[in-house]
Amino acid sequence: MTPRTEAPTATHCPYCALQCAMSLGPARGRAGAPEGASGASLEVAGRDFPTNRGGLCRKGWTSADLLAHPERVTEPLLRGDDGELRPVSWDVALERAAAEVQKAQAAHGRDAVGVFGGGGLTNEKAYLLGKFARLALGTSRIDYNGRFCMSSAAAAGNRAFGIDRGLPFPVEDLGAADTILLLGSNVAETMPPFVQHLAGARAAGGLIVVDPRRSATAALTADGAGTHLAPAPHTDLILLLGLAHIVLNDGLLDRSYLAQRTEGLESVARSVAPWWPERVQAATGVPATLLRETAGRLAQSARAGSCYILTGRGIEQHADGTDTVTAAINLALLLGLPGSARGGYGTLTGQGNGQGGREHGQKSDQLPGYRKITDPGARAHMARVWGVPEAAIPGPGVPAVELLASLGRPASPEKPGGVRCLFVHGANVVVSAPDVTAVREGLRALDFLVVCDFFLSETAREADLVLPVLQWAEEEGTMTNLEGRVLRRRRAVDPPAGARSELWIMNRLAALLDAPSSFPDDPETVFEELRLASAGGLADYSGITYGRLDAGEALHWPCPDAAPGAPPHAGTPRLFAERFAHPDGRARLVAVRTPVPVPAAPTEGAFTLATGRLLEHYQSGAQTRRVAALTAAQPEVRLSLHPAAAARLGIADGAWVRVRRERAVVVAAGDGLPGPSGRPEPAVLARAELTADIRPDTVFLPFHFPGLAAANRVTEQRTDPISGMPEFKTTRVVVEPAVVDPAVVGPPLLASAVPSHREEQ
């Protein structure tokens with residue numbers, strides 16, 4: 001690993017969508033760096049930037065530690081007949097991949113080959129991956145892991161506003177707010193530098209956090225800084241309907257705004273009428289007086305101050321997540337916030353390029369520029385840009401959970417055959433997908449699995465072919481942060497000799513497959529094509545160039561190309577100031593289905609499981625679990641459990657527990673733990689962490705750990721019917737004491753307790 005220059009390189013953090021600005025360069029005698037460690041040759045420094053103002057979280061400060069990690073994959077690995085992965089040349093690797101594609105499609109049709117992408121890929125790689133799937137592979141079977149974390153908010157934003165951009169305003173605007181309603185997001189742990197943007201609301205006593213846990217973010221409301229609302233699990237929608245009811249019933253709505261800028265008020269008014277405060281209190285556990293105070297605070301701030309409503313995964317990762325986010329948007333519209341100078345609504349994007357990664361073709365139903373793949377005009381436009389007949393572009397595919405459920409599935413009278421050959425880019429589905437036991441079975445049923453990664457992740461360990469790719473500091477490209485601002489990722493170090501960019505890989509495979517159109521391997525050339533492809537779309541990047549970004553311009557999409565002779569378009573940092581993106585320019589209030597709360601049957605040891613993130617780890621943990629400082633702080637999975645519930649079950653703090661689904665599911669012996677019947681069931685082994693910061697009816701597991709510690713062993717493949725997002729937040733589980741010898745079963749064994757495909761052969 002060699003720095004490209006002696007001067008630090010200005011770039012951005014490789015983790016979350018806050019995309020904190022940083023510099024990466026040679027270490028200048030940093031104290032405490034171990035001799036020979038990567039941190040001794042490179043160091044990270046925070047840069048002043050609107051999103052982070054020079055600050056970074058623990059993950060950002062340690063991000064350089066992975067660049068020279070000893071577990072780095074630096075040459076292609078092909079599985080032999082003996083089940084072992086062994087190094088091969090790039091020519092052998094790519095020729096084998098192309099042959100397996102042709103074999104699968106000759107036997108089972110074009111859709112027998114699938115692609116699973118990631119929300120951390122640069123805009124250039126996400127764009128070319130969509131093009132590669134549809135033209136080089138000729139398949140409709142492409143989707144990505146952003147379906148797990150943003151799709152419900154995207155669906156709700158599209159139907160309300162006609163467009164989906166996480167924050168339709170710069171994050172700095174939040175600093176002027178005296179009231180912020182934050183639902184389902186623990187930003188104090190997931191993106192700590194964001195917390196400084198809440199300072200104004202906290203100083204005014206107006207930070208309102210909705211979370212069944214007293215998370216680190218909820219704790220920011222203490223000492224008069226705001227209010228923590230802790231509703232019962234899966235009642236966020238009812239809570240929002242109740243707040244809307246009060247706003248309407250007490251005359252707190254902005255009638256002028258609603259008349260001038262929205263449609264659908266009458267239907268929403270009817271839909272929230274049954275949710276008076278006392279009924280909401282009975283369903284959610286939030287006192288009616290607190291509901292009235294919250295609604296009054298929001299309305300007062302919307303009229304005379306600055307008020308924002310923000311949502312996160314906590315209310316989105318549900319089977320009714322789109323409706324829940326829609327209810328939050330309805331509340332914001334009733335208060336007159338979106339597009340006003342007094343506040344707004346936004347959703348907090350999670351993955352590094354979760355915004356840009358879903359705009360340019362990785363989603364099963366979209367073409368570049370956020371165009372619908374079923375729109376004849378969009379298809380004609382892309383056919384012109386790509387230089388192919390429109391018929392060469394496949395139709396819509398299927399969302400991620402359905403795609404994964406089809407792996408290896410034979411054809412039947414009821415269903416077509418599933419994917420037989422799969423390419424995975426920037427995702428670790430063996431840890432991050434719901435019901436990972438079923439996902440692993442699907443991967444093992446494939447004829448051929450290709451994984452592009454820089455570490456041998458849990459998913460890569462299942463692969464037939466592993467292709468080593470570049471890390472963030474080794475590549476050029478662009479990312480789009482949570483506020484729709486396009487940023488430059490710059491190459492700061494030279495990559496290992498054997499690693500290649502995904503752009504290079506797609507270029508070579510496209511040639512081997514005799515693909516139509518072109519597949520450039522230069523990032524700027526790809527971006528120039530992306531500009532043309534996005535032109536005229538909702539997410540229009542056509543006016544953005546590397547030159548403008550390198551000059552330091554702050555460019556938020558849409559940023560169309562200027563007419564000849566006109567000054568360059570300045571981008572759109574604030575959407576909706578004059579109109580929404582629907583043809584008539586008006587936003588839509590959408591009445592959502594009214595839930596009927598059904599109390600859970602009293603089962604001994606049964607709880608509602610919520611999954612989420614920790615400060616020290618990111619996504620599936622494939623990167624952060626390899627950083628010594630982060631692993632030392634959070635080495636193993638812990639189940640947050642209320643002391644009263646623990647006492648009832650005879651569970652002590654730090655004791656081992658077994659977490660299984662309330663409804664038993666029998667699996668193969670190697671993939672489960674013995675249940676009450678003695679048959680193996682998907683279950684998680686964890687240590688109990690007793691805390692009064694969680695409701696007695698709820699438990700919490702972080703999802704960053706693999707093997708028997710993987711929280712998604714017990715989540716289900718149930719999805720939102722509109723967005724396709726999985727239900728991660730309300731799985732019913734049973735918690736039981738587990739008899740485990742810590743000397744025998746510790747974090748290393750938990751991580752590897754489920755054997756890989758290689759180890760089983």
Side-chain angles (χ1 to χ4, degrees), residues 4 9 11 14 72-76 88-98 101 113 115-118 120-139 142 144 353 356-357 360-362 368 382 385-388 423-426 450-454 465-480 486 488-534 541 544-547 549-550:
R4 300 199 34 98
T9 300
T11 188
R72 180 77 183 270
V73 180
T74 58
E75 51 191 341
V88 294
S89 70
W90 272 102
D91 285 345
V92 168
L94 296 178
E95 287 169 4
R96 178 64 182 276
V101 167
V113 177
V115 176
F116 197 95
L121 302 179
T122 63
N123 288 316
E124 293 78 2
K125 291 190 289 187
Y127 165 78
L128 204 67
L129 188 61
K131 181 180 181 181
F132 176 78
R134 294 182 173 100
L135 296 189
L137 300 177
T139 182
I142 176 172
Y144 80 131
N353 200 30
H360 300 302
Q362 280 194 101
M382 289 314 307
V385 172
W386 287 343
V388 299
F423 289 78
V424 178
H425 294 255
V450 182
V451 176
C452 294
D453 210 328
F454 36 79
L465 177 63
V466 181
L467 301 179
V469 295
L470 306 185
Q471 289 198 62
W472 60 284
E474 301 162 352
E475 65 183 3
E476 296 283 334
T478 61
M479 306 283 279
T480 305
V486 182
R488 278 282 278 121
R489 172 174 282 185
R490 297 180 176 88
R491 183 172 174 177
V493 299
D494 292 325
R500 298 287 187 272
S501 167
E502 284 98 330
L503 300 181
W504 183 92
I505 293 170
M506 287 184 275
N507 171 280
R508 272 41 174 196
L509 281 174
L512 289 171
L513 294 168
D514 196 24
S517 194
S518 63
F519 293 84
D521 59 7
D522 172 66
E524 187 170 6
T525 303
V526 176
F527 190 80
E528 287 298 304
E529 185 177 309
L530 184 158
R531 292 177 60 215
L532 296 175
S534 71
Y541 283 39
I544 302 173
T545 66
Y546 273 33
L549 295 174
D550 287 340

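Values below: all heavy atoms of this structure, side chains included; hydrogens, waters and symmetry mates excluded.
For the atom pair CE (Met506) and CG (Asp521), the distance works out to 10.0 Å, reported to the nearest 0.5 Å. Summarising the geometry, atom CG belonging to Leu549 is positioned 6.0 Å from atom CZ belonging to Phe527; distances are rounded to the nearest 0.5 Å. From Glu528, atom CD reaches atom CD1 of Ile544 across 11.5 Å, with rounding to the nearest 0.5 Å. Here the CG-CG distance, from Leu530 to Leu128, works out to 10.0 Å after rounding to the nearest 0.5 Å. For the atom pair OG1 (Thr122) and CG (Leu470), the distance works out to 10.0 Å, reported to the nearest 0.5 Å.
Using a distance-only test at 3.5 Å, with no hydrogens or angles considered, no donor-acceptor pair links the side chain of Asn353 to the main chain of Met479. No side-chain donor-acceptor contact under 3.5 Å links Asn507 to the backbone of Pro520. Between the side chain of Arg489 and the main chain of Glu475, no donor-acceptor pair closer than 3.5 Å is present. Distance alone, capped at 3.5 Å, places no donor-acceptor pair between the Gln362 side chain and the Ile142 backbone.
Ring-plane geometry between Trp90 and Trp504 is classed as perpendicular, the angle between the planes exceeding 60 degrees on a 0 to 90 degree scale with a lower cut at 30.
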Using distance only, find each side-chain donor-acceptor pair of residues 132-139 under 3.5 Å and give its atom names and separation, not counting sequence neighbours.
{"unit_1": "Arg134", "atom_1": "NH1", "unit_2": "Gly361", "atom_2": "O", "d": "2.7"}
{"unit_1": "Arg134", "atom_1": "NH2", "unit_2": "Lys363", "atom_2": "O", "d": "2.9"}
{"unit_1": "Arg134", "atom_1": "NH2", "unit_2": "Gln366", "atom_2": "O", "d": "3.4"}
{"unit_1": "Thr139", "atom_1": "OG1", "unit_2": "Asp111", "atom_2": "OD1", "d": "3.3"}
{"unit_1": "Thr139", "atom_1": "OG1", "unit_2": "Val113", "atom_2": "O", "d": "2.7"}
{"unit_1": "Thr139", "atom_1": "OG1", "unit_2": "Arg141", "atom_2": "N", "d": "2.9"}

Could you pull out every donor-acceptor pair under 3.5 Å between side chains of residues 495-503 and any protein atom, sequence neighbours left out?
{"unit_1": "Arg500", "atom_1": "NH1", "unit_2": "Ala497", "atom_2": "O", "d": "2.8"}
{"unit_1": "Ser501", "atom_1": "OG", "unit_2": "Leu503", "atom_2": "N", "d": "3.0"}
{"unit_1": "Glu502", "atom_1": "OE1", "unit_2": "Lys125", "atom_2": "NZ", "d": "3.1"}

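Residues Pro468 and Val73 come closest through the heavy atom pair CB-O, 3.3 Å. In plain terms, the two heavy atoms of Ser518 and Lys131 that are nearest each other are O-NZ, 2.6 Å. Here the closest heavy-atom approach between residue Leu467 and residue Pro76 is recorded as CD2-CB, 4.3 Å.
The shortest distance between side-chain heavy atoms of Arg488 and Glu476 falls below 4.5 Å. Phe423 has its side chain out of reach of Ile505: every pair of non-hydrogen atoms, C-beta onward, lies at least 4.5 Å apart. The shortest side-chain heavy-atom distance between Pro14 and Gln471 does not fall under the 4.5 Å cut-off.
Side chains of Tyr541 and Thr480: a donor-acceptor N/O pair is present below 3.5 angstrom, by distance only.
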